[in-house]
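These notes concern the structure reproduced below.
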Amino acid sequence: SPELLRHDEL
Amino acid sequence: MNVFRLTGDLSHLAAIIILLLKIWKSRSCAGISGKSQILFAIVFTTRYLDLLTSFISIYNTSMKVIYIGCAYATVYLIYMKFRATYDGNHDSFRVEFLVVPVGGLAVLVNHDFSFLEILWTFSIYLESVAILPQLFMISKTGEAETITTHYLFCLGLYRALYLLNWIWRFYFESFFDMIAIVAGVVQTVLYCDFFYLYITKVLKGKKLSLPA
């Protein structure tokens with residue numbers, strides 16, 4: 001999901 | 001994960017460790033803005049609350065824990081252990097002028113009106129301006145120690161590399177996050193003047209000092 005993709009970044 | 005993302009993260013880690021070592025080895029936090037370091041501790045705390053809700057990877061979790069731990073260690077060194085060396089008179093930036101508008105913006109412009117998402121957005125916006133007390137302090141005293149400029153260069157380079165990472169992800173993964181990109185551009189632009197001074201002075205062996 002786009003949310004997980006965002007939270008993958010530091 | 002791509003090469004820009006990884007080198008960006010490592011540059012960020014290098015900046016954090018350079019600052020910790022500088023303070024620890026010299027037993028002094030002279031020339032360092034405690035206010036900027038408190039803002040970074042708030043940035044990491046509000047952004048990495050997702051540690052409690054979702055697991056992404058060992059890399060992701062360990063980097064987040066290291067960033068948070070180092071941020072609080074830095075604040076501890078400045079305000080507790082070496083507070084006698086803290087230059088509070090020159091660290092006079094009014095942080096409420098950053099935190100209040102950034103908080104308001106995070107409530108107004110976000111992906112989802114939920115507690116964790118608003119805190120995540122707040123951390124992205126706050127990070128983009130968190131270095132301002134440090135830059136203000138340098139402009140006030142007119143100089144910076146060379147090791148402090150290495151810290152600032154790594155910190156600025158990290159966000160510049162993230163911009164390349166976002167371009168990469170847009171082309172190869174069709175992914176982009178407008179909030180992070182706009183804040184990241186603002187953050188990188190704030191370092192441009194410093195990058196210029198770093199390249200023209202520090203890399204040529206001169207101390208960074210500003211004309212009076």
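The shown structure was predicted, so the numbers you read here are calculated from the model rather than taken from an experiment. So that the names make sense, note that chain A is the first sequence line, chain B the second, and so on, each numbered from 1.
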Chain A contact residues among residues 61-72 of chain B, heavy-atom distance under 4.5 Å: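 Within residues 61-72 of chain B, the residues that come under 4.5 Å of chain A (heavy atoms only) are B:M63, B:K64, B:Y67.
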Close contacts, residues 166-195 of chain B versus chain A, judged by heavy atoms under 4.5 Å: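 Answer by number: B:W166, B:R169, B:F175, B:D177.
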Below 4.5 Å, heavy atoms only, C-beta onward: do [X] and [Y] meet side chain to side chain?
| X | Y | value |
| --- | --- | --- |
| B:V109 | B:Y125 | yes |
| B:C29 | B:L77 | no |
| B:L164 | B:L161 | yes |

B:N165 portion near chain A, given a 4.5 angstrom heavy-atom threshold: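 It is the side chain, since no backbone atom gets that close.
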Gap between atom CD of B:E145 and atom CD1 of B:I138 - 0.5 Å precision: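 That separation rounds to 10.5 Å.
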Trace of the ring pair (Phe, Tyr, Trp, His ring centres under 6.0 Å) decision for B:Y162 with B:Y158: CA-CA 6 Å; B:Y162 256 67; B:Y158 135 69; 5.2 Å; yes
Ring pair (Phe, Tyr, Trp, His ring centres under 6.0 Å) contacts in which one or both residues fall within residues 92-111 of chain B, not counting sequence neighbours: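 Listed by first then second residue: B:F93-B:F136.
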Electrostatic pair A:R6-B:D50, nearest N-O below 4.0 angstrom: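 B:D50 and A:R6: not salt-bridged.
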Summary of side-chain hydrogen bond (donor to acceptor under 3.5 Å, both in side chains) pairs that have at least one residue in residues 26-38 of chain B, sequence neighbours excluded: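 As it turns out, the side-chain hydrogen bond (donor to acceptor under 3.5 Å, both in side chains) pairs with a partner in residues 26-38 of chain B, which skip direct neighbours, are B:S33-B:D91, B:Q37-B:Y151.
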Identified side chain to side chain contact (heavy atoms under 4.5 Å, CB included) counterpart of B:Y198 within the set B:L157, B:T146, B:T149, B:L152: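 That would be B:T149.
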Centroid-centroid under 6.0 Å between B:F44 and B:H12 rings: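 Yes; B:H12 has its ring centre under 6.0 Å from that of B:F44.
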